Amino acid sequence: MKKPESIEKKRRPSLTGADFPPAVRVFWEGAPDQFKNASVLAAITCYCALGTRLRARYVYDIDLHALLLQVLIIGEPGSGKSFTRSIVKQLMRPIRIKDQEMKRLEQAYAELKRTMAKNKQLPDEPLTATRMVQTITKAKLVKRADMFVRKYGETLAFFFFSEELSTMTESNKRAFADLNTMDRLAYDLGAEFSSDTLSDASYNADVDIIYCSLFCGTENALNDYINKRAVEGGNCTRKVIVHIDEDLMGEDAPVFRQQTEEERQAVEKAVNMLMAETYTDDDLLQPVHEIPMEWIDTAVKKWCAQKRQEVLKTGSRALNCFYKRASVSAFRMTALIYHLWGEDNDKDATDNIQKRCIRFYRYMAQFILDGLLAKWGRQYEVLHKGDVQDDGNRVTLFDQLPDRFSRDQLRELIVKLDLSSPDRIFIAKWKKMKLVNQPDEKQEIYYKTNPQQKNQPSCNPPTSTDSGGCQ
């Protein structure tokens with residue numbers, strides 16, 4: 001559900017081209033207004049896939065995060081989703097060239113295997129490492145992930161790109177039956193996928209499959225891809241969804257500005273830097289690089305605390321689940337943005353860059369959360385008997401109570417809204433967050449501590465729970 005513009009502006013800070021490093025700014029400034037977010041998200045996903053050796057420490061987690069993103073760009077047929085093709089072609093060119101070299105080795109070996117006499121011994125199969133994927137079977141993906149470890153000793157991130165999301169759902173029905181499971185595991189570094197079958201034609205291994213994905217599709221294709229099972233299992237929480245055609249009815253076809261030579265050089269410089277941080281000249285892996293991100297911890301905690309307060313006011317299980325993943329995805333993007341700005345600037349420049357990155361984090365965290373809530377929040381609430389109205393708007397339990405209310409009034413409203421949590425849970429948490437006080441412990445009468453805020457708008461429903469977020 002799309003929210004009023006006035007509410008959006010209050011809840012999410014605005015961004016300008018100046019908030020991005022040059023290698024990302026070109027995609028913001030070169031895109032029409034309706035495509036700016038989608039264009040930047042497509043570019044950031046490619047950069048994150050290129051920066052597969054980059055790591056960052058999220059304030060709520062012990063283990064380092066790889067910069068893994070799963071972005072969905074949704075629009076009607078003919079809405080202009082194909083703009084992603086030129087971005088992927090430009091940014092992923094070095095990976096595509098390496099993949100072509102690897103596939104030529106595979107083809108040469110396959111031809112040798114086909115033509116060699118049966119009484120002769122075949123040479124060892126070449127160790128190849130291809131990273132760009134469109135459709136692939138489970139066994140082949142497991143084999144390619146295992147090849148990373150056999151060739152380099154560590155895993156690398158695949159890059160999944162498809163201009164038509166239906167391609168993925170069709171392959172899922174045929175041979176990619178474990179796509180939902182892989183989607184969940186691929187979002188986090190170190191979550192291994194195990195394959196163990198009786199078939200000799202299959203490939204069995206315990207591998208860490210990780211990938212960044214950029215899929216374009218229609219609303220119907222998205223519904224096939226993220227079905228009820230995927231909503232319940234938490235796949236949807238890993239997605240960053242952006243619609244590109246909400247305001248395009250009757251509009252002319254979108255026109256993207258051509259890049260200047262200076263802009264092309266800025267992009268090429270960033271791509272070459274990320275490739276050099278991944279591979280040595282001898283085609284070995286570079287050491288892992290940890291991006292220093294402790295400066296953003298306070299901002300992350302503050303944003304998550306605001307969402308937790310909304311959860312306590314609403315009793316929404318969806319919001320309680322979605323804001324955590326939204327924060328993680330926004331943090332990973334921010335780490336990439338900060339790295340592209342450069343980590344060795346002087347203090348004044350660094351302070352300015354960090355302020356811009358914090359603004360970007362807040363913008364993107366709320367943008368991701370809004371997208372998750374608008375698309376899957378109501379469904380998640382229904383699946384978990386959450387707090388939702390017939391029209392899909394999330395009811396705010398706390399805000400529906402008067403400034404002075406009794407425990408009986410709270411119980412009555414909980415029953416009316418069909419919430420699953422008992423009244424004592426709400427009271428305990430509201431007291432802990434100092435949202436209410438109880439002057440007389442002998443009487444079950446409570447007072448809101450900030451009654452003037454009761455009519456402030458709150459954000460929409462959320463969706464599944466998972467590890468790796470604010471807790």
Side-chain angles (χ1 to χ4, degrees), residues 12-13 15 20 24 37-49 51-52 54-61 63-74 157 159-160 183-189 191 210-215 222 226 230-231 233-243 291 293 296-297 299-301 303-304 306-307 318-340 357-377 380 459-460 462-471:
R12 192 164 67 223
L15 291 178
F20 299 101
V24 179
N37 283 328
S39 184
V40 163
L41 285 169
I44 288 176
T45 306
C46 293
Y47 282 131
C48 284
T52 185
L54 299 178
R55 302 288 184 268
R57 191 174 302 280
Y58 185 62
V59 63
Y60 289 97
D61 290 328
D63 295 330
L64 291 173
H65 281 232
L67 307 188
L68 305 171
L69 297 174
Q70 298 178 12
V71 173
L72 298 167
I73 297 176
I74 305 302
F159 178 70
F160 276 39
D183 255 2
R184 289 194 296 271
L185 298 178
Y187 184 82
D188 293 308
L189 184 67
I210 57 175
Y211 53 73
C212 292
S213 61
L214 176 62
F215 297 148
L222 177 61
I226 304 295
V231 173
N235 293 57
C236 60
T237 66
R238 292 152 169 83
K239 308 304 178 185
V240 178
I241 184 170
V242 52
H243 288 82
I291 305 170
M293 293 295 294
I296 204 174
D297 290 353
V300 171
K301 289 182 177 180
W303 187 85
C304 290
Q306 292 171 350
K307 300 303 118 181
L319 179 58
N320 187 53
C321 166
F322 282 167
Y323 84 88
K324 302 174 184 180
R325 284 290 183 193
S327 177
V328 171
S329 295
F331 168 80
R332 292 177 178 180
M333 294 183 194
T334 307
L336 183 277
I337 292 292
Y338 182 69
H339 185 66
L340 291 181
C357 288
I358 289 172
R359 184 161 56 245
F360 172 81
Y361 163 80
R362 289 172 177 163
Y363 176 92
M364 198 51 67
Q366 193 64 54
F367 177 86
I368 297 169
L369 178 59
D370 289 343
L372 293 175
L373 294 177
K375 178 58 185 174
W376 295 296
Y380 185 86
C459 72
N460 269 15
T463 327
S464 319
T465 85
D466 270 309
S467 61
C470 318
Q471 299 175 2

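Because the structure is a prediction, the values reported are computed rather than measured. Basis for what follows: all heavy atoms, side chains included, without hydrogens, waters or symmetry-related copies.
Residues passing the side-chain hydrogen bond (donor to acceptor under 3.5 Å, both in side chains) test with Ser213, sequence neighbours excluded: none. Listed by chain and number, the residues in a salt bridge (Lys or Arg N to Asp or Glu O under 4.0 Å) with Arg57 are Glu290 (sequence neighbours excluded). With sequence neighbours left out, Ala335 forms a side-chain contact (heavy atoms from CB on, under 4.5 Å) with Ala56, Leu67, Ile291, Met293. Remark: Ala38 pairs with Ile73, Phe83, Val242, Ile244 by the side-chain contact (heavy atoms from CB on, under 4.5 Å) rule, at least two apart or across chains. Legend: residues meeting ring pair (Phe, Tyr, Trp, His ring centres under 6.0 Å) with Phe331, ordered by chain and number and at least two apart, are Tyr58. Listed by chain and residue number, Trp295 satisfy the ring pair (Phe, Tyr, Trp, His ring centres under 6.0 Å) test with Tyr338 (two or more places apart in sequence, or in another chain).
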Practice task
Show your reasoning for whether side-chain contact (heavy atoms from CB on, under 4.5 Å) applies to Gln70 and Tyr211.
Solution key: CA-CA 8 Å; Gln70 298 178 12; Tyr211 53 73; 4.1 Å; yes
Practice task
Start with the C-alpha distance between Tyr187 and Arg325, add both sets of side-chain angles, then the distance that settles side-chain contact (heavy atoms from CB on, under 4.5 Å), and finish with yes or no.
Solution key: CA-CA 10 Å; Tyr187 184 82; Arg325 284 290 183 193; 2.8 Å; yes
Handout entry: Worked verdict on Trp303 versus Leu369 for side-chain contact (heavy atoms from CB on, under 4.5 Å)
Key = CA-CA 12 Å; Trp303 187 85; Leu369 178 59; 4.0 Å; yes
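Counting all heavy atoms, side chain and backbone alike, Val300 lies closest to Ser327 at CG1-OG, 3.7 Å. Scanning both residues, Thr52 and Ala157, for their nearest heavy atoms gives OG1-N, 3.0 Å. Asp61 and His65 get closest at one heavy-atom pair: OD2-NE2, 2.7 Å. Taking each heavy atom of Leu189 and Leu68 in turn, the nearest pair found is N-CD1, 4.2 Å. The nearest pair of heavy atoms linking Cys357 to Ile337 is SG-CG2, 4.0 Å. Scanning both residues, Ala299 and Ile358, for their nearest heavy atoms gives CB-CG2, 3.8 Å.
Exactly one of Val240, Leu69, Ile241 qualifies for a side-chain contact (heavy atoms from CB on, under 4.5 Å) with Leu41. That residue is Val240. If you run side-chain contact (heavy atoms from CB on, under 4.5 Å) between Leu214 and each of Ile44, Val71, Leu72, only Val71 comes through.
In this structure, CG on Asp188 lies 10.0 Å from CD1 on Ile210, to the nearest 0.5 angstrom. Met364 CE to Arg359 CZ: the interatomic distance, rounded to the nearest 0.5 Å, is 13.0 Å. Interatomic distance, CD of Gln366 versus OH of Tyr323, reported as 13.0 Å (0.5 Å rounding). To the nearest 0.5 Å, atoms SG (Cys304) and NZ (Lys307) are separated by 9.5 Å. With rounding to the nearest 0.5 angstrom, the CZ atom of Phe159 is 10.5 Å from the SG atom of Cys48. In this structure, CZ in Arg362 is found 11.0 Å from OG1 in Thr334, a value given to the nearest 0.5 Å.
Between Phe20 and Phe360, the ring planes are perpendicular. Angles over 60° get that label, and only those under 30° would be called parallel.
A heavy-atom distance below 4.5 Å is not found between the side chains of Tyr361 and Met333.
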